[in-house]
Amino acid sequence: MINKSTQKLDNIEGYREIDITVFRYSSQVKDSKPEFQTYRLVETPGMTLYIALIKIWSTMDHHLSFDFVCRAGICGSCSMVVNGKPRLACKTRTNEFEDGKITLLPLPTFKHIKDLSVDTGNWMNAMSKQMESWIHTKEVTDISAIEKPIEPDVAQAVFDLDRCIECGICLASCSTKIMREDFVGAVGINRTARFAIDPHDERTDEEFYELIGDDEGVFGCMSLMGCEDHCPKDLPLQSKIAYMRRKMVKV
Amino acid sequence: MSQKESTVELLTGKDCEGKKSRIPAKLDWLQSVTGLFLALFITFHILFESSILFGKEAMYKLTKMFEGEPFIEGGEPLIITALAFVIFSMFIFHAFLAMRKFPDSYTEYQRYRTHRKLLKHSDTNLWFIQITTGFAMFFLGSIHLYMMMAEPEKIGPYASSDRIFSDWMWPMYLLLLISVVLHSWVGVYRLIIKWGWFDGKDPRKNRKRSKMIIKTLIALYLLLGLASLTAYMKIGYEHQDDYGSRYISENHK
């Protein structure tokens, strides 16, 4: 069944109609059966998937669930699978799909909540704790003093890895993660790399080995580069995973 | 590792000092080392095998060289047996290590397969080629290597061609050629990415460059291998009435 938008704007000539097919399922409801539902709506100029989904939600189906916060590619909440590729919905324009047919799925590998909504937050929180994602130092911090300076190039490299928005797209693009639930993925390995290159952190390679030195960590990675090729923030995952692998194999 | 240490790891996932095992690091490194060794071997093997394109005499002389003829009169095929044994051992060890990465249950395979089809991602597809060709070579590679170990004296312009054509080994060699060329070069590409060998200042650009070079090498080696196989087939076809007779070097005529 195709639901149709009833907005007045739909009558404007020259705008094409697009079909958005959405995975519908509620893991919280016992009798819920997975199905695909198609919504037909008029594509407006500059329309993103965020705008399209809001339009569906407000004019056609108030029961449709999906996650958004910032709408600007910063919060990482709106990641979903768009025609097979994990992407941020707020950064995906509908006009890039020439045939006007878009299929949306929730991100695999995360706990499914309802329709396009998944729980990335709890997984990311657990990963952060598992990777001990904080500066480890014996130095007592004096917050009234200026922080220990580091080379600008090093600071830039640390900031570069800190740009991760924990959207989960690297995990949803990774065959290892798809097969092996316990794999920590590029997001976890990137996190250790961020602290490994930060001179404020005094951890040794032996200590980092305790975090990622197994098949659930860096040695589980098969270098298929789904993470690198789909990361919406263009993080240097390829080179940083290789960097941590080289370090860990020498321990 | 002692029984006590193994038991502690079984129960805690760590060693007696409370540290993670170093074995996963060693296995990962060894998988790469054995793979690289085998890929290098294949690179030269296919080149040497193509000596038949320069004529029977060229192939004969190369075969005898590998049998140590400059030092041993008439050559010693047992050298080939020893070489094949080393390669076979390395091959089995590499297969043992690489098997860790295979999907090992219906669930893993189903999830991998469906995800791969949805994602349509080139490097993920390349890995599918690697596991498929790797699986095929468990059998194809073993047949070839065992034959080389057991009958090392049956290598030569006529002996090899008879085996390929009259003994109907060509379908096996054709499949083995395709599998080994794809598996080796895709494996080398994977090693380049995995260890960041040629990352340089622009890892992304160098990855694209590496992939392009690897694709070219795959095409070249497939062409070279197919040309050699065709040459052996032609010689085998022409020699079928004298099946079993050996090539006599022009120097000995």
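Source: prediction; values computed, not measured. Sequence lines set the chain letters: A, B, ... in the order given, protein chains first and strands last, and positions in each chain run from 1.
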Grab the two heavy atoms, one from [X] and one from [Y], that are nearest each other, plus how far apart they are.
X        : Y        : result
A/Lys85  : B/Leu119 : NZ-O, 2.8 Å
A/Val249 : B/Ala25  : CG2-O, 3.5 Å
A/Ala242 : B/Gly196 : CB-N, 3.7 Å
B/Lys20  : A/Ile212 : NZ-N, 4.3 Å

* Could you walk me through whether B/Asp104 and A/Met179 pass side chain to side chain contact (heavy atoms under 4.5 Å, CB included), step by step? => CA-CA 9 Å; B/Asp104 61 10; A/Met179 290 192 288; over 6 Å; no
Can you tell me how far the [atom1] atom of [X] sits from the [atom2] atom of [Y], to the nearest 0.5 Å?
X        : Y        : atom1 : atom2 : answer
B/His121 : A/Cys174 : NE2   : SG    : 10.5 Å
A/Leu224 : B/Arg190 : CG    : CZ    : 5.0 Å
B/Arg111 : A/Lys177 : CZ    : NZ    : 9.5 Å
B/Leu118 : A/Ser173 : CG    : OG    : 11.5 Å
B/Phe128 : A/Ser175 : CZ    : OG    : 11.5 Å
A/Glu206 : B/Arg22  : CD    : CZ    : 6.5 Å

* Checking A/Met248 against chain B: side chain, backbone, both or neither under 4.5 Å from a heavy atom? ->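 The backbone, not the side chain.
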Is it the backbone or the side chain of [X] that comes under 4.5 Å from a heavy atom of chain A, or both, or neither?
X        : answer
B/Lys14  : side chain
B/Asp123 : both
B/Arg116 : neither
B/Ser21  : backbone

* Test B/Arg204 against A/Glu228 for side chain to side chain contact (heavy atoms under 4.5 Å, CB included), laying out the working first. => CA-CA 9 Å; B/Arg204 281 179 186 145; A/Glu228 165 89 8; 2.5 Å; yes
* Taking the side chain as every heavy atom from C-beta outward, state whether B/Tyr189 and A/Ser223 have any pair of such atoms under 4.5 Å apart. =>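 Side-chain contact under 4.5 Å: no.
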* Asked: So do B/Glu108 and A/Ile178 actually touch side chain to side chain, heavy atoms under 4.5 Å?
  ->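 No, their side chains stay 4.5 Å or more apart.
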* side chain to side chain contact (heavy atoms under 4.5 Å, CB included) between A/Met222 and B/Ile131, worked out -> CA-CA 12 Å; A/Met222 301 190 292; B/Ile131 54 171; over 6 Å; no
* To do: Output yes when A/Glu210 and B/Lys19 qualify as a salt bridge under the 4.0 Å nitrogen-oxygen rule, no when they do not.
  =>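 Answer for the salt bridge query: no.
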* Is A/Arg246 positioned over the aromatic face of B/Trp195, cation under 6.0 angstrom from the ring centre and no more than 45 degrees off axis? ->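 Checked: cation-pi criterion not met.
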